[in-house]
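We're numbering straight along the sequence, starting at 1. Atoms within a ligand are numbered from 1 in the order they appear, just like the ligands themselves. Worth knowing before you read on, the calculation uses all heavy atoms, side chains too, and leaves out hydrogens, waters and symmetry mates.
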Amino acid sequence: MDEDLSTYTFTHTGGKADLFVTPSTYEEVGQLIAYAYKKEMPVTYLGRGSNLIVRDGGIRGLVIHCGRMNQITSAGESIIAQSGASIIDVSRFALAHERTGLEFACGIPGSVGGALYMNAGAYGGETADVLRQAVVVDAKGKILTLCGDELDMGYRHSAISKKGYLALEGTFHLKKGDPKKIKAEMDRLTALRELKQPLEYPSCGSVFKRPPGYFAGKLIQDSGLQGTRIGGVEVSKKHAGFMVNVDHGTASDYIRLIKHVQQTVKKKFGVDLETEVKIIGEKLQE
Ligand SMILES: Cc1cc2nc3c(=O)[nH]c(=O)nc-3n(C[C@H](O)[C@H](O)[C@H](O)COP(=O)(O)OP(=O)(O)OC[C@H]3O[C@@H](n4cnc5c(N)ncnc54)[C@H](O)[C@@H]3O)c2cc1C
């Protein structure tokens with residue numbers, strides 16, 4: 001009870017969860033969700049917190065954290081990963097098993113569940129390219145298997161995000177590859193990230209989705225917003241699409257800075273920036 005969520009988010013911000021549970025089996029997850037449904041209790045799913053801003057007032061009801069369900073196994077051309085596994089670990093596992101297709105994910109700091117939810121992607125690759133099947137739980141606690149079109153993957157969304165399912169596991173179909181080439185590609189992408197992204201500070205990655213026909217970072221840069229700071233949160237000077245927590249920033253600092261950037265870009269270029277980061281939870285009561 002009253003678990004501090006700032007320790008579970010990459011921005012190091014956020015209030016407390018009323019009830020915080022870390023189940024270790026799929027059956028436990030099903031039972032928890034069925035119980036919450038019966039009691040009409042709100043339920044929130046948490047991965048590694050790398051794409052989340054939890055408001056400073058925290059989250060009412062039940063928070064389910066999938067981190068203990070983190071096994072990765074190989075079966076022929078498939079790799080099966082539980083939702084709490086880190087997608088970086090899955091890409092390394094694929095390299096160790098000489099499988100190609102997950103190199104793009106080698107620097108995405110989220111969980112498998114978060115990658116399935118968001119259809120996470122980078123450098124021309126995305127989860128949808130290699131995901132064949134997902135095991136999920138619906139709002140009543142029933143365990144379902146989704147394949148093909150049922151996964152409904154699009155730019156930063158999926159059936160899981162649209163229908164509010166909890167993702168339990170993903171099956172990735174990966175072709176046999178040359179480990180030297182796979183490793184070289186992972187090293188290249190890691191070097192690019194280190195060069196371009198402010199990885200030395202807490203952040204939630206790209207704050208905004210790519211607006212059709214534009215790049216969010218370029219619009220922000222051309223609006224002269226890099227280095228703008230509210231409270232302890234700053235528009236990164238290294239990558240304009242990132243907001244970094246440079247000095248004990250709060251979720252409220254993040255939200256005010258996001259609004260300021262949206263308003264400035266709208267005024268200057270007439271473009272609406274939609275957040276990629278998910279903002280959840282309650283405002284702090286004054
Ligand atoms: C430095 C940095 C770099 C990044 N680079 C990239 C990048 O290149 N490409 C990219 O796509 N993203 C990137 N991100 C963002 C983030 O890592 C991804 O969006 C990731 O997929 C989020 O996973 P997570 O486990 O951290 O999810 P969380 O932040 O914990 O949650 C995000 C959303 O997913 C939902 N969710 C999480 N787990 C589950 C589950 N098991 N079942 C159902 N819903 C769930 C949550 O409810 C929430 O709505 C970056 C972030 C950082 C900090």
Checking a contact table here: which protein heavy atom is nearest [atom], and how many Å away?
atom                    : answer
atom 37 (C) of ligand 1 : G47 N, 3.5 Å
atom 46 (C) of ligand 1 : Y45 O, 3.2 Å
atom 31 (O) of ligand 1 : L52 CG, 3.7 Å
atom 44 (N) of ligand 1 : Y117 CD1, 3.3 Å
atom 42 (N) of ligand 1 : A167 N, 2.8 Å
atom 13 (C) of ligand 1 : I108 CG2, 3.9 Å
atom 25 (O) of ligand 1 : S111 OG, 2.6 Å
atom 27 (O) of ligand 1 : G114 CA, 3.8 Å

Under 4.0 Å from any heavy atom of [X], which atoms of ligand 1 are there?
X    : answer
L199 : 1 (C)
G205 : 2 (C), 50 (C), 51 (C), 52 (C), 53 (C)
C204 : 51 (C), 52 (C), 53 (C)
G113 : 38 (N), 39 (C), 40 (C), 41 (N)
R48  : 24 (P), 25 (O), 26 (O), 30 (O)
C66  : 41 (N)
P109 : 2 (C), 3 (C), 4 (C), 17 (O), 50 (C), 51 (C), 52 (C), 53 (C)
A120 : 11 (O), 21 (O)

Any nitrogen or oxygen of [X], main chain or side chain, under 3.5 Å from a nitrogen or oxygen of ligand 1?
X    : value
S50  : yes
I160 : no
S203 : no
F10  : no

Nearest non-hydrogen contact with atom 6 (C) of ligand 1 belongs to which option: H239, R193, Q197?
R193

Only heavy atoms count here, so choose which of A115, A122, G164, G121 is nearest to atom 10 (C) of ligand 1.
G121

For the pair H97 and F93, name the ring-plane relationship: parallel under 30°, tilted 30 to 60°, perpendicular over 60°.
parallel

At a 4.0 Å cut-off, with the gap strictly under it, does some heavy atom of R156 reach an atom of ligand 1?
yes

Looking at ligand 1, does Y165 have a heavy atom less than 4.0 Å from it?
yes

Just heavy atoms, cut-off under 4.0 Å: does S83 contact ligand 1 by side chain, backbone, both, or neither?
side chain

State yes or no: do [X] and [Y] share one hydrophobic cluster built from I, L, V, M, F, W and Y residues joined by side-chain heavy-atom distances below 4.5 Å, directly or via other members?
X    : Y    : value
I64  : V136 : no
Y45  : I160 : no
L257 : V265 : yes

Keeping the roles fixed (side chain from [X], backbone from [Y]), state whether a donor-acceptor pair exists under 3.5 Å.
X    : Y    : result
R99  : L174 : yes
D253 : T250 : yes
E28  : S24  : yes
D18  : G61  : yes
R68  : T22  : yes
N245 : V233 : no

Taking the six-membered ring of Y8 as reference, does the NZ or CZ atom of R48 fall below 6.0 Å from its centre and within a 45° cone about the axis?
no

Side chains of Y123 and E103: donor-acceptor distance under 3.5 Å anywhere?
no

Tell me whether E77 is salt-bridged to K175, with the criterion being a basic N under 4.0 Å from an acidic carboxylate O.
no

Run the salt-bridge test on D138 and K163 with the 4.0 Å N-O cut-off and return the result as yes or no.
no

Summary of ring pair (Phe, Tyr, Trp, His ring centres under 6.0 Å) pairs that have at least one residue in residues 185-211, sequence neighbours excluded:
none

